[in-house]
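Before any comments, here is the structure.
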Protein chains: 2
Amino acid sequence: MPMIAVDIMGGDNAPHAIIEGAVRAARCGVPVLLCGVQEAITVALPSDWKELPISFQFCDELIAMDEEPSRAVRKKKNSSLVRAMKVMVDGTADAFFSAGNSGAVLVASVLFSGRVKGIHRPAVGAFLPTKSDSFFCIDIGGNVDCKPEHLYQFALMGHAYVQLAKHIAAPRIALLSNGHEPFKGSDAVKKTYQLLTESPVAFVGNIEARELGKDDLLDVLVCDGFAGNVLLKSIQGTASTLFSWIKDAADRSWWCKTLLWLNRGMFKTIKNRLDYAATGGALLLGVNHPVILAHGCSDARAVENGILFAYRVRKERRVQKFNEKLLALMQDNLSILVDVARKNQGSQPQTPS
Amino acid sequence: MPMIAVDIMGGDNAPHAIIEGAVRAARCGVPVLLCGVQEAITVALPSDWKELPISFQFCDELIAMDEEPSRAVRKKKNSSLVRAMKVMVDGTADAFFSAGNSGAVLVASVLFSGRVKGIHRPAVGAFLPTKSDSFFCIDIGGNVDCKPEHLYQFALMGHAYVQLAKHIAAPRIALLSNGHEPFKGSDAVKKTYQLLTESPVAFVGNIEARELGKDDLLDVLVCDGFAGNVLLKSIQGTASTLFSWIKDAADRSWWCKTLLWLNRGMFKTIKNRLDYAATGGALLLGVNHPVILAHGCSDARAVENGILFAYRVRKERRVQKFNEKLLALMQDNLSILVDVARKNQGSQPQTPS
């Protein structure tokens with residue numbers, strides 16, 4: 001049965017919320033391997049923990065949310081994050097879960113799990129809701145300052161993942177930009193537009209953030225991690241602001257309050273559609289093992305759901321199937337990728353070493 | 001009385017919605033100078049137009065929404081957009097309004113109105129709502145691929161504009177990023193962080209898109225036009241999706257529908273807070289004349305409000321006052337700007353001509 005290595009020291013609410021979430025997942029029958037400082041773990045465990053599928057890896061360091069990722073991972077070999085990653089890579093555990101420093105998770109994944117052959121940069125994707133469906137947004141973290149070939153590879157990864165997750169034969173790929181026209185967008189976006197036009201994936205052109213809630217426009221949204229982060233967090237922020245306005249209006253009038261209370265079922269359904277905690281985590285694509293990243297602000301419920309997600313990913317061998325698909329796709333797209341590499345070699349100024 | 005030059009051929013709903021909006025503004029007593037194709041104008045005018053402060057500049061070209069801006073402006077000297085810009089610059093009119101190709105408006109502004117001395121790139125700012133107040137977001141259009149010195153100048157422009165518009169002595173400047181830490185963000189964002197730390201403006205650090213709805217965090221949000229566009233449009237898109245979910249739920253149940261109908265006043269108030277058409281336009285900062293850009297999808301009401309906004313801007317001599325403030329601020333920040341310019345000269349590879 002797949003065991004999930006959990007970095008219990010990572011996250012705004014660590015270690016308590018992480019341990020509580022992991023214990024809840026264990027109560028659902030998912031074996032968890034808690035990696036962290038012994039004192040922090042023992043204090044937070046429930047009295048009946050011995051009856052649950054819980055094991056431990058004790059360590060004495062942690063990587064804080066505000067630490068510079070590369071340095072932290074290289075320096076803190078005995079941190080909960082690095083230890084959790086290592087026990088997955090050495091086969092003791094089968095998947096990795098962390099709500100900690102996402103940059104550090106990315107660095108540790110590349111360093112210890114390793115990139116899929118040919119992939120320049122692993123990326124994080126997540127399904128975001130439309131009016132009555134969803135699309136897969138890649139990248140939502142980590143990869144700022146992307147080159148066209150990186151964005152192009154995100155498109156390939158999105159294509160392969162949506163084929164697998166939604167059984168869509170030719171997912172429609174759209175590029176996030178500030179206008180539909182091919183000349184709109186940053187330099188990298190414009191060049192990616194050209195690459196995608198020449199590629200065999202079903203490229204449907206640029207799309208603006210305003211249209212993303214509409215149905216039937218796209219299956220995969222390609223963007224760099226900076227724009228993806230702005231998009232994801234502004235969706236969450238706007239929803240939260242709107243609900244706060246509704247709450248304020250209710251607080252000012254008993255009439256509004258009564259009507260909203262009577263209609264609470266509808267609002268709960270709507271809130272649930274935007275609830276990140278319902279999935280609890282996103283899969284890192286482009287590495288060799290199942291790495292699940294969660295929101296820094298995850299509470300126990302989000303952690304529980306994130307660990308259950310990691311369990312399903314591993315049980316369905318989703319990473320293995322995805323990587324096979326991706327490798328085949330990279331082979332099909334080899335000519336384009338080689339062209340880009342050649343052009344880059346020719347045009348980029350040599351930096352003196 | 002200030003007269004507004006209106007590009008009636010620009011916008012998704014041009015020329016009808018633009019003419020209708022301009023006529024409505026004229027009915028409020030605002031003189032408008034309609035620039036466009038004669039046939040398009042005469043067909044759409046009401047029978048009593050001669051009693052209104054409406055005048056004309058006829059031309060025979062238009063710049064379409066999907067034309068490449070620089071080329072279009074240089075080639076189409078007799079387009080409504082260029083003509084409207086020119087009649088403002090030559091003093092026939094006092095301000096410019098267009099819902100057309102925003103890239104072309106930017107290019108024409110730089111070409112004909114000219115940049116404020118020392119400003120590299122004019123930028124568009126707009127107030128976005130928080131829980132119970134607002135912040136000024138700059139840039140929301142045009143300037144993709146910004147260098148640190150551009151973002152730094154956006155901060156100075158935001159500072160000066162908010163001082164003027166909200167009478168805040170030291171507006172809090174925040175930088176849009178994917179995390180709070182100074183090492184988060186694109187290369188340009190990280191370098192801008194350093195510049196702002198050294199500057200005399202009240203820099204409060206990086207901010208994530210999720211926090212922007214909270215009160216009392218910031219007065220000015222600095223970002224490049226790509227991220228600003230994603231932010232602005234995802235706020236609009238998310239609100240629209242949420243309202244469509246509410247409507248769908250109502251359509252499925254007479255009980256929900258009745259409750260929502262009884263509570264319609266509250267929802268209308270909330271919708272109004274996000275209604276771009278209520279302002280109708282945004283001021284281009286960093287050029288020598290009042291240039292107002294409107295949403296491409298503006299309807300007659302948005303156009304009317306945009307022209308009334310242009311009128312107020314001109315009547316209050318806002319551009320003149322803003323430019324005076326900005327020049328003084330640039331003088332105070334001269335040492336930082338000179339440092340940046342020097343570093344750039346030293347570090348950037350020379351491109352062979």
Side-chain angles (χ1 to χ4, degrees), chain A residues 65-66 68-69 103 129-132 141 144-145 176-181 183-189 208-214 223-227 229-242 244-246 248-250 253 255-256 259-260 262-263 266 269-270 273-274 349, chain B residues 65-66 68-69 103 129-132 141 144-145 176-181 183-187 189 208-214 223-227 229-242 244-246 248-250 253 255-256 259-260 262-263 265-266 269-270 273-274 349:
Chain A
M65 299 299 271
D66 60 358
E68 202 285 313
T130 62
K131 190 162 179 284
S132 51
V144 294
D145 292 318
L176 182 63
S177 191
N178 57 332
H180 292 132
E181 301 82 6
F183 60 80
K184 283 286 177 88
S186 64
D187 195 45
V189 166
E208 292 190 65
R210 189 179 22 200
E211 303 158 323
L212 294 171
K214 292 178 187 164
C223 55
D224 67 41
F226 192 88
N229 192 283
V230 169
L231 178 69
L232 177 73
K233 294 197 172 157
S234 102
I235 291 173
Q236 293 169 347
T238 305
S240 157
T241 304
L242 279 173
S244 79
W245 287 348
I246 292 173
D248 280 0
S253 142
W255 170 242
C256 280
L259 291 171
L260 287 171
L262 290 169
N263 218 346
M266 185 200 77
T269 310
I270 288 177
R273 290 204 61 188
L274 285 165
Chain B
M65 299 300 271
D66 59 357
E68 201 285 313
T130 63
K131 191 164 178 284
S132 51
V144 294
D145 292 318
L176 182 62
S177 191
N178 58 331
H180 292 132
E181 301 81 6
F183 60 79
K184 282 286 178 88
S186 65
D187 196 44
V189 166
E208 291 190 67
R210 189 180 22 200
E211 302 157 325
L212 293 171
K214 293 177 186 164
C223 54
D224 67 43
F226 191 88
N229 193 283
V230 169
L231 179 70
L232 177 73
K233 293 195 172 157
S234 101
I235 291 173
Q236 292 169 348
T238 305
S240 158
T241 304
L242 278 173
S244 79
W245 286 350
I246 291 174
D248 280 1
S253 143
W255 171 242
C256 280
L259 291 171
L260 287 171
L262 290 169
N263 218 346
M266 184 200 78
T269 310
I270 288 176
R273 290 204 60 188
L274 284 166

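Each chain gets a letter, A, B and so on, in the order its sequence line appears, and its residues count up from 1. Because the structure is a prediction, the values reported are computed rather than measured.
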Do you know the tightest heavy-atom contact between B:Asp187 and A:Asp145? N-OD2, 2.6 Å
Show the nearest heavy-atom pair for residues A:Val144 and B:Gly185, with the distance to one decimal. CG2-O, 3.5 Å
Count the heavy-atom pairs under 4.5 Å between each of A:Lys214, A:Glu211, A:Glu208 and chain B, then report the option with the highest count. A:Glu208
Tell me, for B:Asp224 versus chain A, whether the close heavy atoms (under 4.5 Å) come from the side chain, the backbone, both or neither. neither
Does B:Asn178 reach the main-chain N or O of A:Asn229 with its side chain, forming a donor-acceptor pair under 3.5 Å? no
Relative to chain A, which segment of B:Thr269 carries a heavy atom at a distance below 4.5 Å: side chain, backbone, both, or neither? neither
Tell me which of these, B:Ala249, B:Ala239, B:Ser177, has more heavy-atom pairs under 4.5 Å with chain A than the rest. B:Ser177
Is B:Leu231 in contact with chain A via its backbone, its side chain, both, or neither, using a 4.5 Å heavy-atom distance? both
Would you name the heavy atoms of B:Ala209 and A:Ser234 that are closest together and state the gap between them? CB-N, 3.7 Å
Tell me, side chain or backbone of B:Ile246 under 4.5 Å from chain A's heavy atoms, or both, or neither? both
Nearest heavy-atom neighbours spanning B:Met65 and A:Glu181: O-OE2, 3.5 Å
What one should report as the nearest heavy-atom pair of A:Ile270 and B:Trp245 is CG2-CE3, 3.7 Å
For A:Ala227 and B:Phe226, the nearest pair of non-hydrogen atoms, with its separation, is CB-CE2, 4.0 Å
Please classify the contact between B:Thr241 and chain A as side chain, backbone, both or neither, with a heavy-atom cut-off of under 4.5 Å. side chain
One option among B:Leu232, B:Leu212, B:Leu176, B:Val189 has the most heavy-atom pairs under 4.5 Å with chain A, and it is B:Leu176
Looking at A:Ala188, A:Ser240, A:Ser132, A:Ser244, which makes the most heavy-atom pairs under 4.5 Å with chain B? A:Ser244
